[in-house]
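The shown structure was predicted, so the numbers you read here are calculated from the model rather than taken from an experiment.
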Amino acid sequence: MRHERESPYTFTEYIFMTPVPEYLNDIFGPIISYTAILFNIVVIIILFNKTLRTPSSVLMQGLALSDALTALFSYGLEPFLLNSYIRDEQFETTVIYFPTCKLHHYKLIMVDLFHLSSVLLTTALGIQKFVAIKWPIWCYTKVKRREMLAVVVVIFTVSVGLHIPKFLVADFRRGHECEIAANSESLLNYSFIYYSSLTAIFLLLASVIMLITSIFIIWSLVRERNIQSTSSENLQNIRRRSSKLIAVVTVTFLVIEFPRICMFGIMQLFSEKDSHSSQLLADPATQFMISAYVVLKIEDHDIDVLKKMKLFTDITRLLIVIACLSNFIIYVIMSKQIRCVLKSKLGVFKNRHTVSEPAVFCSSI
């Protein structure tokens, strides 16, 4: 793998490090992705049930949609691309034929796009739960499904806007296999300097906000604040389940996002050193590998360290898909209403009418 500076307009071979182990990318990853897609579709359908239609359910549906698309572009298309891969066993690299390399390149951007949407929607869900406990009356009277739908639309719009330059930065041409170059230096600078900075800031702020809101929610639960009546045991139980749900989601969120914050931090340190190489366009994992190579001052012959970093990036990518699947599991475990509706849809109950629990202001899920 070359690391010297090149003109952003120089076409270079579209090449990236082969996933390790290969079955993670070829078999295990797609299975988890298809499972996550199916389960998130189930979540979207279930939350249309009239007993579950709350402002928070709109955010959860947006999150389920974003998670499903993240899973699709992470590993869901890999089985259809395998025949286009040319893997070099000796150097552990992969190249792709033209024009399939375009699909591979754009699908990697789509992963980042929808994963960022998932991060922002998860953060919005935490903030919504915080507001529901801190200002319950205001939340009940002012926060409606329409406002939450507007939040979902804004989040997707922001995420798409941040990624438009990344869709425009690369140019492709047919070479021996496939060649890639940057269309302009300004777009390349955005992709490797400003985009990395913005993404790292978004991930860090989201993590801090989720942590703060979860601490407040748990603290309020322990202190029994904002509970309307000590005799309303059912109301308190719903609040406890809602608070536990967001706490579990936060822990999962932090575990998944911390490695990505580290990755984007290293890439940002490197981007200021050298953002002018068309080689960095092929794959985010390749970007991180080259960034770590320079920032951590890894020796050329230290191949084992590079392999471990490649494994780290592949595991991080897999964790994102597992997180897309885990949200469904968390909802089913933590929400009695969702379990009842799910059983009803599956025909477990002969009586298909579920008993609605009283709504807790903005959120009862």
Side-chain angles (χ1 to χ4, degrees), residues 19 24-25 29-30 32-37 39-41 43-44 59-78 103-126 151-167 191-192 194-210 249-268 283-288 312-328 330:
L24 187 69
N25 184 81
I32 297 179
S33 289
Y34 296 142
T35 305
I37 293 170
F39 284 1
N40 278 287
I41 291 175
V43 169
I44 294 173
L59 292 176
M60 292 168 68
Q61 285 177 310
L63 179 58
L65 175 61
S66 185
D67 283 345
L69 292 172
T70 301
L72 173 63
F73 291 107
S74 291
Y75 292 103
L77 299 179
E78 287 299 324
L103 174 60
H104 182 269
H105 176 74
Y106 293 136
K107 88 176 184 67
L108 294 174
I109 299 176
M110 296 294 280
V111 173
D112 290 337
L113 190 160
F114 289 114
H115 178 64
L116 179 60
S117 298
S118 295
V119 168
L120 297 179
L121 286 167
T122 303
T123 306
L125 185 61
V151 170
V152 172
V153 172
V154 169
I155 286 175
F156 275 106
T157 302
V158 169
S159 187
V160 170
L162 287 175
H163 288 83
I164 286 178
K166 289 179 69 68
F167 283 104
S191 297
F192 297 128
Y194 303 112
Y195 173 79
S196 297
S197 300
L198 289 172
T199 303
I201 291 172
F202 273 124
L203 292 178
L204 184 59
L205 287 178
S207 300
V208 171
I209 292 173
M210 287 294 293
V249 169
T250 298
V251 172
T252 304
F253 177 85
L254 294 176
V255 170
I256 298 298
E257 296 307 325
F258 180 75
R260 287 179 58 82
I261 294 175
C262 296
M263 286 179 59
F264 278 106
I266 291 177
M267 290 169 63
Q268 173 59 20
D283 183 15
T286 304
Q287 298 170 22
F288 172 70
F312 171 78
T313 59
D314 288 337
I315 291 177
T316 301
R317 180 185 173 195
L318 181 64
L319 286 176
I320 292 176
V321 182
I322 293 176
C324 296
L325 175 61
S326 67
N327 285 334
F328 170 83
I330 292 171

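Counting heavy atoms from C-beta on, the side chains of L63 and L59 never come closer than 4.5 Å. Proximity of F114 to L72: side-chain heavy atoms (C-beta onward) are nowhere separated by under 4.5 Å. In this structure, the side chains of M110 and F167 come closer than 4.5 Å at one or more pairs of heavy atoms. Q61 has its side chain out of reach of V43: every pair of non-hydrogen atoms, C-beta onward, lies at least 4.5 Å apart.
The minimum heavy-atom distance linking N40 with A68 is given by the pair CB-CB, 3.9 Å. Closest heavy-atom contact between S74 and K107: O-NZ, 3.5 Å. Across all their heavy atoms, M210 and T122 have their closest contact at SD-O, 3.3 Å. Residue V321 comes nearest to S33 through the heavy atom pair CG1-OG, 3.5 Å, listed as atom of the first residue, atom of the second, then distance. In this structure, S117 and I155 approach most closely via the heavy-atom pair O-CG2, 3.8 Å.
Panel note: side chain Y195, backbone K166; no donor-acceptor pair is recorded below 3.5 Å.
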Mind running side-chain contact (heavy atoms from CB on, under 4.5 Å) on I32 and L318 for me, showing each step along the way?
CA-CA 9 Å; I32 297 179; L318 181 64; 3.8 Å; yes
Go through L121 and F156 one step at a time and tell me if the side-chain contact (heavy atoms from CB on, under 4.5 Å) criterion holds.
CA-CA 9 Å; L121 286 167; F156 275 106; 4.1 Å; yes
I201 and L205: side-chain contact (heavy atoms from CB on, under 4.5 Å), yes or no, with the steps?
CA-CA 6 Å; I201 291 172; L205 287 178; 3.7 Å; yes
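Once rounded to the nearest 0.5 Å, the distance linking OG of S159 with NE2 of H115 reads 10.0 Å. L69 CG to I37 CD1: the interatomic distance, rounded to the nearest 0.5 Å, is 8.0 Å. Atoms CG and NE2, on L198 and H163 in that order, are 10.0 Å from each other to the nearest 0.5 Å. We find the CG-CE distance between L65 and M60 to be 14.0 Å, quoted to the nearest 0.5 Å. Interatomic distance, L325 CG to Y34 OH, rounded to the nearest 0.5 Å: 15.0 Å.
Identified under the side-chain hydrogen bond (donor to acceptor under 3.5 Å, both in side chains) test for residues 62-71, with sequence neighbours left out: S66-S118, D67-S118, D67-N327.
Applying the side chain to side chain donor-acceptor pair (under 3.5 Å) criterion to T123, with sequence neighbours excluded, gives no partner residue. Judged as a side chain to side chain contact (heavy atoms under 4.5 Å, CB included), and not counting sequence neighbours, the contacts of V154 are V158. Partners of F202 under the ring-ring contact (aromatic ring centres under 6.0 Å, His included) rule, at least two apart in sequence or in another chain, do not exist in this structure. Residues passing the side chain to side chain contact (heavy atoms under 4.5 Å, CB included) test with T157 are V153, sequence neighbours excluded. Applying the side chain to side chain contact (heavy atoms under 4.5 Å, CB included) criterion to A323, with sequence neighbours excluded, gives I256, S326. Qualifying side chain to side chain contact (heavy atoms under 4.5 Å, CB included) partners for P165, counting only residues two or more places apart in sequence or in other chains: L187, Y190.
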